[in-house]
Amino acid sequence: MVAAGLYLKRFYTVVRKEVLVLPSRIIVALFFIVLLGMPLISRNPYLIRVIVLTSIFAILAASWDLLSGFTGQMNFGHALFFGVGAYTSALLNIHLHLPPWGSVPLGAAAAVLTGLIVGIPCLRLKHTYLALTTMAFPIILMGIVFALPDVTGGELGISGLQRISNSLIGNYYIYIVIMLVLCTIMWKITDSHTGIIFHAIREDELAVKASGINTTRYKLLAFCLSGFFAGISGGLYAHYMRIAGPSTLEVSMSFSVVIWAVFGGMATIYGPVAAVFILFPLLEFVRFWPEYRTMIFAVVVLLILLYMPEGLIPWVRDKIEKGCPRCKIRNVATRKTCRVCTAGLD
Amino acid sequence: MNIIITGLITGSMLALLAISFSLIFGVARIVNIAHTAFYMVAAYCIFSLTGKFGLNPVAGMMIAVVVVTVLGLLAYKFLIDPIREHEAAVLIATIALAMIFQEAVMLIFTGDYRTVSALIEGYFIVTGVKVFYQQVLTFGVVLVILGILWVLLMKTKLGLAIRSTAEDREVANLMGMNDSRLAMITMGISVALAGFTGAVLAPLTVLSPYMWMEPLIMMMAVVVLGGLGSIKGSFVAAYILGFTEALVVFMIPKGAFLKGSVALSIMILVLLLRPEGLFGISFEEER
Amino acid sequence: MAEPFLEVEALSKSFGGLQAVKNIRFRMEQKEILGLIGPNGAGKTTLLRLLTGILKPDSGSVRFHGKQLVGMKTWDIVNLGVACTFQNMRPFRRLPIIANVMVSCLSPRSMRRGEWVKVVEARAMDALEFAGISDMALEKASSLSQGDLKRLEVARAVATDPELLLLDEPFGGLSPAETDLMAKSIRRLHKGGRFGRLHSEGPAMIIVEHKLQQLMKIVDRIVVLNFGTLLAEGTPDEVVNNPQVIEAYLGQGGGQ
Amino acid sequence: LPAWGRTIKIGVIGPMNFVQGKSHWNGAVMAAEEINAKGGVQVGNEKMKIELVKADSNEFLNVTDATNAMERLMTQDKVDFVVGGFRTEAVLPMQDIAMDYKKIFIGCGAATKSLCDRVAENYNRYKYWFRGTPFNDNYLVRTSFSHLGAGAAVIKNELKVPVKCAIVAEKAAWTEGMVKVAEATIPKMGFELVGVWRPSAVATDVTAELSAIQKSGANLIFTLFSSSVGITFARQAGELKIPALQAGINVEAQKEGFWEATKGMGNYVYTSSTYIRGVEYSELTKPFVEGYFKRFGEVPTYTADTHTAIAEALVPSIEAVGSLDADKIVAYLENREYLVPSGKVKYEKDAQGRPTHDLTWGPGYLTGLAGQWQDGKFVGVWPYKWVAAPGAPEVTYKGMVPLKIPPWMKK
Amino acid sequence: MLLEIAHLTVRYEKAVLINDLNLYVDTGELVSLVGPNGAGKSTTLRAISGLVAWEREIKRRSAGSEIVLEGTVTFNGERIDQIPAHEIVQRGLVLCPERRRPFREMTVLENLLAGAYLQKDRQKCRETLDKVYDLFPLLRHRSHQIAGTLSGGEQQMLAIGRAFMSDPKLLCIDEPSTGLAPLIRQEVFEKISEISRLGITILLVEQEVSVIFKMASRNYVLSSGKILAQGTGQQLLADEVLRKTYLGL
Ligand SMILES: Nc1ncnc2c1ncn2[C@@H]1O[C@H](COP(=O)(O)OP(=O)(O)OP(=O)(O)O)[C@@H](O)[C@H]1O
Ligand SMILES: Nc1ncnc2c1ncn2[C@@H]1O[C@H](COP(=O)(O)OP(=O)(O)OP(=O)(O)O)[C@@H](O)[C@H]1O
Ligand SMILES: [Mg+2]
Ligand SMILES: [Mg+2]
């Protein structure tokens, strides 16, 4: 009892000292709370479906950011990992009757493998070369999928997969929790030593090598990590849709991922996640105007980027917070002095 | 023989698209995904001008190129230029632009497939193979344009300036080069060429609002294979990929749908050996 | 017999038709500072790059503690204890200066297991302190002036905790006063000891420099390159008075 | 006006930016207007009005979107029935969602048989699915071969040469099985098979293929096209005057715009079709085709059979059972045999006698049509004196004309 | 007066790089600008040649950090602080930037030709090219080498040569001697004074105080964005404090 009280107190202190000091952290906390509490407010299956799919794509967008935003290896073929994850889990589920908790991780493992296979030829490519080359991989795989219709179902895909959970709310929580956990992990990764090295690789690879870092390993690591998370999202998607088809490999899928991530703000992880949570429901929201849906979507993206070229989230963040010129710690925009070093903020 | 002709035509088209694409990439580091969308707009322009308003096809072509160029310059000025410092944002902006063009075309012309009649009808026979006059015409025009481009970029000051700005805008300024105007000019040339490609090619293909997707990828493959910024490279690579596609169609007729995949695989194989592309410049230490 | 510290044997490298490094051989001791001079384009930078594996030699061998370096990856060489700086500074422009150095601190050689970010940061800070730019640690590297970039280069190399430090024009772009300071720091580093959390074993060094005045004060021995070949070798005094060196490199009254 | 009871909500789902989806919608609109004008649907002692809900599945571009649209229909719009769907990869998950909510979903576009196999295998879950149009891919093959046979017969008669047949099929799932069957069947039909070509569905240049085909000496080309390659192929073949008759499936050629799209080069293209002006399967055909033409200015394609699905399948069943209860309607509908504008519907059972809710094909039921472009007009040419099986009666629908071969084949 | 800078102030966000700087250069003079690292020498040259304004324009468009540029710069009787960098070049004020900055992927020859971008007269262009080649014979041998693969010193020569190519009235050179071997360095300084004697005005930023003070007619000592002192070499060297703390002699 006492221990519980103590913990509660500790928790409260942490919340007050670490979360409540910055609006962005409060927003993240609210985001967690709202998502987890959603079913208490509404159990509308359509809404739930949209949120679940949004979550799946949020993982995907964040995984792209992990690879491309951080290490600067622009991947224009991210659908590859998604598709491999989806197809692998689908095949395992259909033919070996593996339950989702087995097939999804194995699908992710397959995506990691794909990451390696794609990563090795891409190791020596840079910038735009890499971007344009990666675009080719899902198309090649799509060719293979069509060439082997007996295994892959060709254009029809593999359908009739098992659901992860048969209850609406159960499903919801499984997906939401997985999303929140995975995104937090990704964010943690980028916040660690590895994150710094990823950043540095983006800036100047040769200099990183000369600093004694095995850049090959880190670049492949980026590919594998990104593949892993994208593969999970692919597997989750397949089990949610109960079908894995060639649409998971389409160019438009790869493009969407890039749009989400850049729209939200690259090299942040939370940016792409937030962007998916804005753009995906937006596309649903404009259903009332079907002829202009894509048009509206494109115009919104274009206009926002015109004013916030760094992405939406960094822009918002800069509005509500500002960095201390001395110690670079972030502060609420309304403060006059820094909360740590008390330097003047204007 | 067939392989040669098909390869030549596909190759020339790819070369034109790829070179005009890498032009603007070269100067302003803009990866213009909407490039082929401009090509589509030009094709539709011709369709409506010749089909709906009954204009003479040549006049239609000219107007189409002008329209597309103006469109391209406007888009550049108001949508791309303001965010040019942010490569990723530009990238998305051009994707969005392509989507907008696609949707606009869809709204105006619907999603039905359309065709445009050839400038010269008919065909002739070489070594037992039927060749359309239109194809020959296209091929000839493309070669001429490529030649002009070559001279423009390699032999004139404009070309020098374009390549200088591509490398270091700040220093280019110190040489008296107006980087923003150069970017504008290049964008104009680039888009005009895309429009021109669309115009010449319109009679040979089927128009649909999604027609920009297919050549986009092959175009990028050509640019990468040839080496970014290398005109010679794009030229050679375009024909390599063009012939590859043609070969696939002939060697494995049942696998004709694989032509794209095969061509892309070849590109990746080449890049494995030469990461900077066929004619790209590389620094040994950066391998 | 103990292995020589560094032994370069018949090292050659050519670019296209140009033979940048021709059949170079020299040795150096653990406790030495070696100056490497020569006219522009003599192949000094190329030689350093060959030593660190950034470039692959056409032939020849480099032995470090008896270990063949040729064919090894750059990062492995760095982790053996050979660090280098770039003549044309290559900072991570958009990262804070401290993060620039942290990358070096994160190399397997320099990193101790399970070290927290804070500790790594402290060590990076010490390296910056050494180079004299710690006050700007949190600024972006892109805002550094030419001279400060040079110092950042040195700080990065030092942070890998090297046994052999290859400095490519460490004084380039530094003002005379700062050159002296840097020269002093380098000497101090060579003596070994502690720099805050940074522990220095007193690395051997090869310094490429055109500012001979300051160079002479810190080096024990000088190697002169010309057209990729070894022109002369000896103590600073010997080299400066070598007529060939004077003709090819110093010029009448140069370097004084 | 009678006092309306509640409305019957019918979701129409399809790729609304594309012709297929537009036809889905048009057919449904026409049905709803006709029924509402007649005073609505008599359910028990209530008159109910039909209300359509349009859902853009965007399924060609984005399968996720399609499922969201379906979910929305189910839970937001709370429709009672759904008609539509086209791309199989999208219809499969859409079907699942409809079944989750136990709503009757009449598919009007996807031909894949596996959609109906699901009904047989798991009746309780999938019984709410019915095939509306077209008949499944197996039958599609059978009709196509009949068309091919008819074409071959004309060639044999007029030219007195042996028939050499080339197969040209776009690379897509639906052609996969058909190509295999065709490769096996064509030699059995007594023709020489000279080769198989598989261009991409959106190829814009097939001169390479055409030259090869001409070299192979083919005089009959079995085409399987559903996409833009149909236009490219027909146009370039016409321009190059390839001496062969194109027969089979060319979806683009079923449309009014084909003549214009090929600039007249598509003359003599011969393709299966569902509706042709002037051809009548039954007494329902003419009012439907002419009405549709009057209303929308074009001849209905098979996705416009949402009209049939609503007006002939759903509404009469609702009226007969006197309720909107899906289970009751299913039980009634699956045993019904009824006239539709394209023939007569009877739902099939599989070999083990399990209901599949698939459509029966054959003389007297649904057969489809084939038409040919003859100098700017698309006319019906099959079934023309068609004998389905030895001894069976000859079938010729009203309004048919004889098939022609391109004059340049005659040298 | 060929160039006059009055009350020049440059700020990057909150950092003051140049603070109320006044400076002038007369026609035909060779003026040097010296000072410790980070003093703002390069920034001054960048401000004169319009690059700071150019950068400000870009930053403003991209909503990035804010740059403030105040004060007047007069060149040849005309205010140039408001006109874009590429037009300043047209008026004859040319900057050879620090850190060499060659066009890495172009050949040496192309680099030099780019320098002569504004030169309309082909014949003259060829002549200047020959002059540059005479100045740095090494470049002649390397004229088809990709500039990025040149050695550091060779790149420095290229950068100076490229600036010469634009036929300047006032040539601003930022640390030309970095990375040059003593022999070449001597030569470069000789050539610079030669050019200066030919009537081209030169504003030189250098670290080699001992050499520079002998060459320059006047010198400015810059520290923390402010002018600390100015005068001939002898005057400045006479000041003990200055010598010790700022010039390191
Ligand atoms: N990648 C390359 N391709 C072609 N030539 C090269 C390459 N790298 C260097 N060189 C040439 O090799 C020679 C040696 O260059 P290096 O950089 O080693 O000179 P250096 O001695 O460091 O000169 P400096 O003192 O000017 O820096 C130079 O002439 C240079 O032009
Ligand atoms: N973009 C920038 N943002 C903020 N501060 C900057 C920026 N660029 C330069 N600075 C700062 O301005 C000061 C002056 O820089 P500048 O490059 O003019 O120095 P310098 O006198 O040329 O030094 P050096 O001799 O090292 O080249 C430096 O302290 C530098 O850190
Ligand atoms: Mg060097
Ligand atoms: Mg400077």
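Residue numbers begin at 1 in each chain, while the letters A, B, ... track the order of the sequences.
Using modelled atom types, one finds a donor on one side chain and an acceptor on the other under 3.5 Å when comparing H210(C) with Y249(C). Side chains of Q155(E) and S151(E): a donor-acceptor N/O pair is absent below 3.5 angstrom, by distance only. Between the side chains of S42(E) and D174(E), a donor-acceptor pair is found at a separation under 3.5 Å. Between the side chains of D58(C) and S14(C), at least one donor N or O sits under 3.5 Å from an acceptor N or O.
For the pair R162(E) and F103(E), the cation-pi test (distance below 6.0 Å, angle within 45°) is passed.
When heavy atoms are compared at a cutoff of 4.5 Å, E187(E) does not approach chain C at all. Contact of E175(E) with chain C is made through the side chain alone, with heavy-atom distances under 4.5 Å. The contact between E208(E) and chain C is made entirely by side chain atoms (from C-beta outward), counting heavy-atom distances below 4.5 Å. Neither the backbone nor the side chain of L150(E) comes within contact range of chain C; no heavy atoms are under 4.5 Å apart. I184(E) touches chain C through its side chain: at least one heavy atom from C-beta onward sits under 4.5 Å away, while N, CA, C and O do not. Residue contact with chain E, scored on non-hydrogen atoms closer than 4.5 Å, is absent for A20(C).
Contacts with chain E were tallied for L174(C), V208(C), L181(C), T179(C); L174(C) has the most, counting heavy-atom pairs under 4.5 Å. With chain E as partner, the option from P39(C), A42(C), G173(C), A248(C) having the largest number of non-hydrogen pairs under 4.5 angstrom is G173(C). Looking only at heavy-atom pairs under 4.5 Å with chain E, the residue among Q87(C), E169(C), E178(C), E209(C) that has the most is E178(C).
A salt bridge links E153(C) to R156(C): one of the charged nitrogens lies within less than 4.0 Å of a carboxylate oxygen. In summary, E154(E) and R142(E) engage in a salt bridge, as defined by a charged side-chain N under 4.0 Å from a carboxylate O. Salt bridge absent: D168(C) and K44(C) never bring a charged side-chain N and a carboxylate O closer than 4.0 Å.
Taking the side chain as every heavy atom from C-beta outward, V34(E) and S32(E) approach each other to under 4.5 Å.
The contact list for residues 142-151 of chain C toward chain E, using heavy atoms and a distance under 4.5 Å, reads S145(C), Q146(C), G147(C), D148(C), L149(C), R151(C) by residue number.
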query: T107(E) and Q145(E): side-chain hydrogen bond (donor to acceptor under 3.5 Å, both in side chains), yes or no, with the steps?
result: CA-CA 5 Å; T107(E) 64; Q145(E) 188 172 339; over 6 Å; no
